[in-house]
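Within every chain, numbering begins at 1; the chains are lettered A, B, ... in the order of the sequence lines, protein sequences first and strands thereafter. Bear in mind the structure is a predicted one, so any value in this text is a computation, not a measurement.
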Protein chains: 2
Amino acid sequence: MTTAGSESRSAQQEDPCRTREVLDIVGDKWSLLVVRNLSQGPRRFTELKRAIDGISQRMLTVTLRSLERDGILTRTVRNVMPPHVSYELTPMGKTLRQATAPLLEWSTIHLAHIDAARATYDARPDTSPA
Amino acid sequence: MTTAGSESRSAQQEDPCRTREVLDIVGDKWSLLVVRNLSQGPRRFTELKRAIDGISQRMLTVTLRSLERDGILTRTVRNVMPPHVSYELTPMGKTLRQATAPLLEWSTIHLAHIDAARATYDARPDTSPA
DNA sequence: TGCCCCGGTTCCCTGGAGGTAACTATGACC
DNA sequence: GGTCATAGTTACCTCCAGGGAACCGGGGCA
């Protein structure tokens, strides 16, 4: 189960850096988008490039290489012309996808609230306590 | 429910940027550490600074302000001397904590595997296809 | 009288994440 | 023989997240 009960109050002492390491893996600008796009099956380079709005060729390559190196996805080259390279989540990549789902769902639910909170915060003049 | 079944294959079309926005909120270097440290109750500035290894005064302030602005935590100043400022997760902050739990748990489980994958990747000479 | 503590603020600086654009190989197509 | 598509690579540049260190204000306290 992925219910959030398995970590006791000693968790913060035990692995203070794990939080950081997972961000090193998927905390960059494009990784989660790529993982998300691969969650429905293999995709080719150009498919991903078209699906992920705004990503440059270079950053897609960099991101894919990084995820491949981490064992999140596999890169399969078919030696035909024009080149056919397809990317697919590994089993671990799929579990990552599952693990990020609650966070994405959270964002869907709370982003509007966050916008409101920001507006409230920016509107108040309490910045300088007399 | 926080089960990961509510997103269909149309999810990537619907909210392609949500993924990015949630990272804008907690994807930085220290936010998740702060949230994690506040999950067991209110903490004072110096307590957090001591608990989060390596964070500078400036970055703790910046991170706390950002999370406060986003409605993730509250900042409570008691006007005594020496100053007493305590930070506490809002209800939304607690739901965020819950939403990140699976990802942190995932990292705990898979980080060793990732290290292995990296070693394998770095060891292979397939980088230059002749 | 001067130093310490708490919770910051301000200034300066650096590294690296990420963007842009040009270049590549190869076969197919016309 | 020129152009297109695929899947990149390379060089160059910019910007800002984050780090370091100094400074602040006021009560306690020795």
Side-chain angles (χ1 to χ4, degrees), chain A residues 17 19-34 37-38 42-70 73-88 121 126-130, chain B residues 17 19-34 37-38 42-70 73-88 121 126-130:
Chain A
C17 346
T19 307
R20 294 285 311 285
E21 294 183 63
V22 70
L23 286 181
D24 286 344
I25 297 166
V26 295
D28 66 329
K29 192 170 178 180
W30 301 108
S31 286
L32 282 189
L33 270 324
V34 169
N37 264 277
L38 289 179
R43 292 283 182 269
R44 301 179 56 177
F45 185 89
T46 315
E47 284 181 305
L48 288 171
K49 181 158 159 38
R50 272 194 273 262
I52 303 173
D53 197 54
I55 197 170
S56 65
Q57 226 148 329
R58 196 184 79 92
M59 283 316 296
L60 182 54
T61 304
V62 169
T63 304
L64 287 169
R65 287 290 185 280
S66 170
L67 292 172
E68 185 197 4
R69 178 170 181 262
D70 290 345
L73 52 81
T74 57
R75 176 172 179 269
T76 308
V77 184
R78 215 175 306 164
N79 263 334
V80 293
M81 197 53 68
H84 185 115
V85 181
S86 84
Y87 295 90
E88 185 171 15
Y121 184 94
D126 309 347
T127 329
S128 56
Chain B
C17 349
T19 308
R20 294 284 313 286
E21 295 184 62
V22 70
L23 286 181
D24 286 344
I25 296 166
V26 295
D28 65 330
K29 191 169 178 180
W30 301 109
S31 287
L32 282 189
L33 271 323
V34 169
N37 264 275
L38 289 179
R43 292 285 181 269
R44 301 180 56 177
F45 185 88
T46 316
E47 284 181 305
L48 288 171
K49 182 158 159 38
R50 271 194 274 262
I52 303 172
D53 198 54
I55 196 170
S56 66
Q57 226 147 333
R58 196 183 82 90
M59 283 316 296
L60 181 54
T61 304
V62 168
T63 304
L64 287 169
R65 287 289 186 280
S66 170
L67 292 173
E68 186 197 4
R69 177 168 182 263
D70 290 345
L73 53 80
T74 57
R75 177 173 178 267
T76 308
V77 184
R78 215 174 306 165
N79 263 334
V80 292
M81 198 52 71
H84 186 115
V85 181
S86 84
Y87 296 89
E88 186 172 14
Y121 184 94
D126 308 346
T127 329
S128 55

- Item | Any A:Thr46 side-chain N or O less than 4.0 Å from OP1/OP2 of D:dA7 | yes
- To the nearest angstrom, how far is A:Arg20 atom CZ from D:dA17 atom C1'? 12 Å
- Taken to the nearest whole Å, CH2/A:Trp30 to C1'/C:dG18 is 9 Å
- Task: Kindly say if A:Arg75 contacts the phosphate of D:dA7, meaning a side-chain N or O under 4.0 Å from OP1 or OP2.
- Result: no
- Task: With the side chain counted from C-beta on, respond yes when A:Val34 and A:Tyr87 share a heavy-atom pair under 4.5 Å apart, and no when they do not.
- Result: no
- Query: Just how far is it from atom OG of B:Ser86 to atom CD of B:Glu47, taken to the nearest 0.5 Å?
  - Reply: 9.0 Å
- Task: Counting heavy atoms from C-beta on, name the nucleotide in D:dG8, D:dG27, C:dG7 closest to the side chain of A:Phe45.
- Result: D:dG8
- Between atom CE in B:Met59 and atom P in C:dC12, what is the gap in whole Å? 19 Å
- Query: Expressed in angstrom and rounded to an integer, what is the separation of B:Asn79 atom CG from C:dG7 atom C1'?
  - Reply: 12 Å
- Message: Please report the distance, rounded to the nearest Å, between CE in B:Met81 and C1' in D:dG25.
- Response: 7 Å
- Query: Contact class for A:Thr61 (heavy atom, under 4.0 Å): base, sugar-phosphate, or nothing?
  - Reply: base
- Between C:dG18, D:dA5, C:dC5, spot the one nearest the side chain of B:Pro82, thanks. C:dC5
- Item | Between NE2 on residue A:His84 and CZ on residue A:Arg44, distance to nearest 0.5 Å | 4.5 Å
- Message: If I take atom OG1 from residue A:Thr19 and atom NZ from residue B:Lys29, how far apart are they, to the nearest 0.5 angstrom?
- Response: 13.5 Å
- Given C:dG18, D:dG18, D:dG25, the nucleotide with the shortest approach to the side chain of A:Asp28: C:dG18
- Message: Would you compute the distance between atom CG of B:Leu60 and atom CZ of B:Arg65 and round it to the nearest 0.5 angstrom?
- Response: 9.5 Å
- Task: Answer yes or no: is there a side-chain heavy-atom contact under 4.5 Å between B:Val62 and B:Trp30?
- Result: no
- Rounding to the nearest 10°, end axes of the helix from C:dT1-D:dA30 to C:dC30-D:dG1 built from five pairs each make an angle of 20°
- Query: Whole Å only: how far is the CD atom of B:Gln57 from the P atom of D:dG25?
  - Reply: 16 Å
- Has A:Lys29 got a side-chain N or O lying under 4.0 Å from the OP1 or OP2 atom of C:dG19? yes
- Whole angstrom is fine here: how far is it from CG in B:Leu64 over to P in C:dT9? 10 Å
- Query: With nearest nucleotides of DNA chain D determined for B:Arg58 and A:Tyr87 from heavy-atom distances, which residue corresponds to the more 5′ nucleotide?
  - Reply: A:Tyr87
- Query: Can you check the A:His84 NE2 to C:dA28 C1' distance for me, whole Å?
  - Reply: 17 Å
- Query: Between CD1 of B:Ile52 and OG1 of B:Thr63, what distance do you get to the nearest 0.5 Å?
  - Reply: 8.0 Å
